[in-house]
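Lettering follows sequence order; numbering is per chain, from 1.
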There are 2 protein chains.
Amino acid sequence: MGKPGPKRTLSGDVIVTAALALLDERGAEAVSVRGIAARVGVAPNAIYTYFPDKAAVLRAIVDRLIGEQGLEVLAGDRPWRERIVAVALGLRENLLRHPGAAVLMMSAPMDGPRALELGERLLDVLAEAGLPPDDAARASYALIVHVLGSIALEAAEVDPTKPAPPEAERVAARRLAFAAVPAEVFPRSAAAADVMAAYVSEEQFRWSLGRLLGGLA
Amino acid sequence: MGKPGPKRTLSGDVIVTAALALLDERGAEAVSVRGIAARVGVAPNAIYTYFPDKAAVLRAIVDRLIGEQGLEVLAGDRPWRERIVAVALGLRENLLRHPGAAVLMMSAPMDGPRALELGERLLDVLAEAGLPPDDAARASYALIVHVLGSIALEAAEVDPTKPAPPEAERVAARRLAFAAVPAEVFPRSAAAADVMAAYVSEEQFRWSLGRLLGGLA
DNA sequence: ACCTGAACACCGTTCAAGT
DNA sequence: ACCTGAACACCGTTCAAGT
């Protein structure tokens with residue numbers, strides 16, 4: 001139904017998919033309007049039929065990735081802390097698959113509908129946990145800050161122009177870097193080098209999230 | 001002393017200062033090698049005498065800003081939590097003066113000497129607080145994640161191309177944005193709109209940092 | 001409505017050359 | 001050693017035109 005219209009070889013979704021592929025394969029600076037257009041086989045300015053500018057394409061990538069996180073776990077019947085940890089782990093896993101995207105999440109206000117939905121479900125859980133509304137609101141923000149901050153710092157450690165390395169590899173690379181810390185001037189950092197290498201791991205992610213959750217209620 | 005050498009009209013510091021000024025006055029995308037060169041009155045490629053590439057200039061900005069944070073408070077005799085809150089507030093205040101720089105802190109590993117120094121002093125405090133070395137190491141990372149994440153999300157809310165607005169103005173702008181949230185579909189978000197508007201405030205920053213600190217020891 | 005061609009005002013970086 | 005001029009291979013975005 002509806003008139004066919006001229007060509008319609010394109011769509012916002014196709015553009016976002018191409019942009020994300022570019023981001024994953026060749027890193028943030030490869031995500032150019034011209035690069036996206038070339039990948040979908042179209043003239044550069046055709047992109048502007050679907051997005052007002054490049055920044056809008058980047059925001060759409062963020063929205064897509066947030067939306068990929070299912071929120072059903074939050075409504076489950078496990079203890080509330082476990083449910084929050086489960087979504088946080090899901091977000092982490094997905095975002096680390098797109099390391100270049102992590103920093104995008106912190107570059108603009110996340111005010112899209114998917115972000116609001118995530119926030120609202122988080123408020124549900126925290127209310128159920130017994131927090132008064134004001135504390136629940138503050139706590140939900142603290143959680144989002146912590147999860148996104150962890151992921152961004154973790155993603156900053158990986159080279160986005162090559163396929164995402166397994167965690168063990170990231171930790172090993174960091175251990176190597178820490179071996180160079182002079183123990184005379186930074187004794188504690190040098191002594192804790194093994195732990196500091198493991199900053200970029202799920203274990204550290206779980207640990208710090210657990211401590212924050214412990215402080216919240 | 002020492003031969004004068006040809007010109008020496010430039011230095012790494014001068015370049016970083018110019019880049020930071022550009023960042024503050026006209027936002028992240030105005031920080032170009034050519035823009036910096038123009039501001040210091042030099043040919044674009046002169047920058048490459050002091051930095052291998054643009055990314056190195058950005059890292060130097062991060063290092064400069066970390067270095068501006070005095071660490072004496074950490075060694076004071078107030079209760080340890082208060083000392084950590086004090087440096088965190090200092091970092092926040094300084095970074096919000098350079099909103100475009102906040103996201104740079106999360107874009108690359110912070111492995112410079114100033115970052116190491118900050119980490120080491122944090123470990124001092126946490127050891128003094130009675131944490132075993134492994135926990136202290138994990139805790140210091142959790143704190144850094146939280147502080148930088150908070151600041152980045154807060155800075156994402158301000159337009160970096162105009163002078164940093166006072167906090168009250170940022171909160172008011174956000175309250176206005178939240179007034180549009182449909183209460184039927186996001187009841188909790190709408191009900192807590194006032195608190196959510198205040199996410200971008202020192203009060204929220206103190207609150208969530210306090211909860212994290214409570215969970216750590 | 002959707003797409004193209006051509007153009008404008010920019011980029012980062014490299015290279016050979018001047019002092 | 002430090003800086004310049006000129007060039008290369010790119011950018012994002014706009015405008016007029018075609019279907």
Side-chain angles (χ1 to χ4, degrees), chain A residues 1-23 25-62 100-101 103-104 107-108 159-161, chain B residues 1-23 25-62 100-101 103-104 107-108 159-161:
Chain A
M1 281 268 140
K3 326 260 168 53
K7 294 279 188 65
R8 186 144 292 284
T9 63
L10 227 49
S11 75
D13 267 356
V14 169
I15 291 170
V16 172
T17 301
L20 197 47
L22 238 24
L23 186 67
E25 290 165 17
R26 305 205 279 114
E29 54 200 34
V31 183
S32 65
V33 173
R34 299 176 105 104
I36 297 166
R39 181 177 257 261
V40 299
V42 102
N45 44 3
I47 305 296
Y48 292 88
T49 306
Y50 298 87
F51 294 94
D53 52 30
K54 182 184 173 181
V57 179
L58 299 181
R59 282 196 303 270
I61 291 178
V62 169
V103 67
L104 291 182
S107 310
D159 179 351
T161 75
Chain B
M1 282 267 136
K3 329 259 168 53
K7 294 278 189 65
R8 188 144 295 281
T9 62
L10 228 49
S11 77
D13 266 355
V14 169
I15 291 170
V16 171
T17 300
L20 196 47
L22 239 25
L23 185 67
E25 290 165 16
R26 306 207 276 115
E29 55 200 34
V31 184
S32 64
V33 174
R34 300 177 105 104
I36 297 166
R39 182 176 254 264
V40 298
V42 103
N45 45 2
I47 305 298
Y48 293 87
T49 307
Y50 298 87
F51 295 94
D53 51 29
K54 181 185 171 179
V57 178
L58 298 182
R59 282 196 302 271
I61 292 179
V62 168
V103 68
L104 290 181
S107 309
D159 179 350
T161 74

Revision key, fill the gap. Separation of dT14(C) atom C1' from Arg34(B) atom CZ, nearest Å, is 12 Å

**Study point:** Value rounded to 0.5 Å, distance of CD in Glu29(B) from NZ in Lys54(A)
**Key:** 9.0 Å

Review point. Which atom names give the shortest non-hydrogen contact between Arg39(A) and Ala21(A), and what distance separates them?
Key: NH1-CB, 3.5 Å

Revision key, fill the gap. To the nearest angstrom, the CD1-P distance between Ile36(A) and dC10(D) comes to 16 Å

**Study point:** Check: Ile15(A) main-chain N/O paired with Tyr50(A) side-chain donor or acceptor under 3.5 Å
**Key:** no

**Study point:** Closest nucleotide among dT13(D), dG12(C), dC3(D) to the Val33(A) side chain
**Key:** dT13(D)

Check your understanding: Would you say Leu10(B) and Val42(B) make side-chain contact, with heavy atoms under 4.5 Å?
Key -> yes

Review point. Which nucleotide, dT13(D), dT4(D), dC11(C), lies nearest any side-chain atom of Val42(B)?
Key: dT4(D)

Point to revise | CZ on Arg59(B) to CG on Asp53(B), rounded to 0.5 Å | key: 6.5 Å

Review point. Could you give the CD-to-P distance, from Glu29(B) to dA9(C), as a whole number of Å?
Key: 18 Å

Point to revise | Beyond-backbone contact of Tyr48(B) with Val33(B), side-chain heavy atoms, under 4.5 angstrom | key: yes

Practice item. Report the base-pairing partner of dA16(C) (Watson-Crick or G-U wobble, both distances below 3.5 angstrom), or none. Key: dT4(D)

Point to revise | Under 4.0 angstrom between Thr9(B) side-chain N/O and dC3(D) OP1 or OP2 | key: yes

Point to revise | Interatomic distance where OH belongs to Tyr48(A) and P belongs to dA16(D) [whole Å] | key: 17 Å

Exercise for review: Would you kindly give the CG-to-P distance between Leu22(A) and dC10(D), to the nearest whole Å?
Suggested key: 13 Å

Check your understanding: Given atom CD1 of Ile15(A) and atom C1' of dG12(D), what is their separation to the nearest angstrom?
Key -> 15 Å

Practice item. Specify the residues of residues 51-58 of chain A, ordered by number, for which at least one heavy atom lies under 4.0 angstrom from an atom of DNA chain D. Key: Asp53(A), Lys54(A)

Practice item. Output the distance between atom OG1 (Thr17(A)) and atom CG (Leu22(A)), rounded to the nearest 0.5 Å. Key: 12.0 Å

Revision key, fill the gap. Applying the 3.5 Å cut-off to both distances, the Watson-Crick or G-U partner of dC10(D) turns out to be none

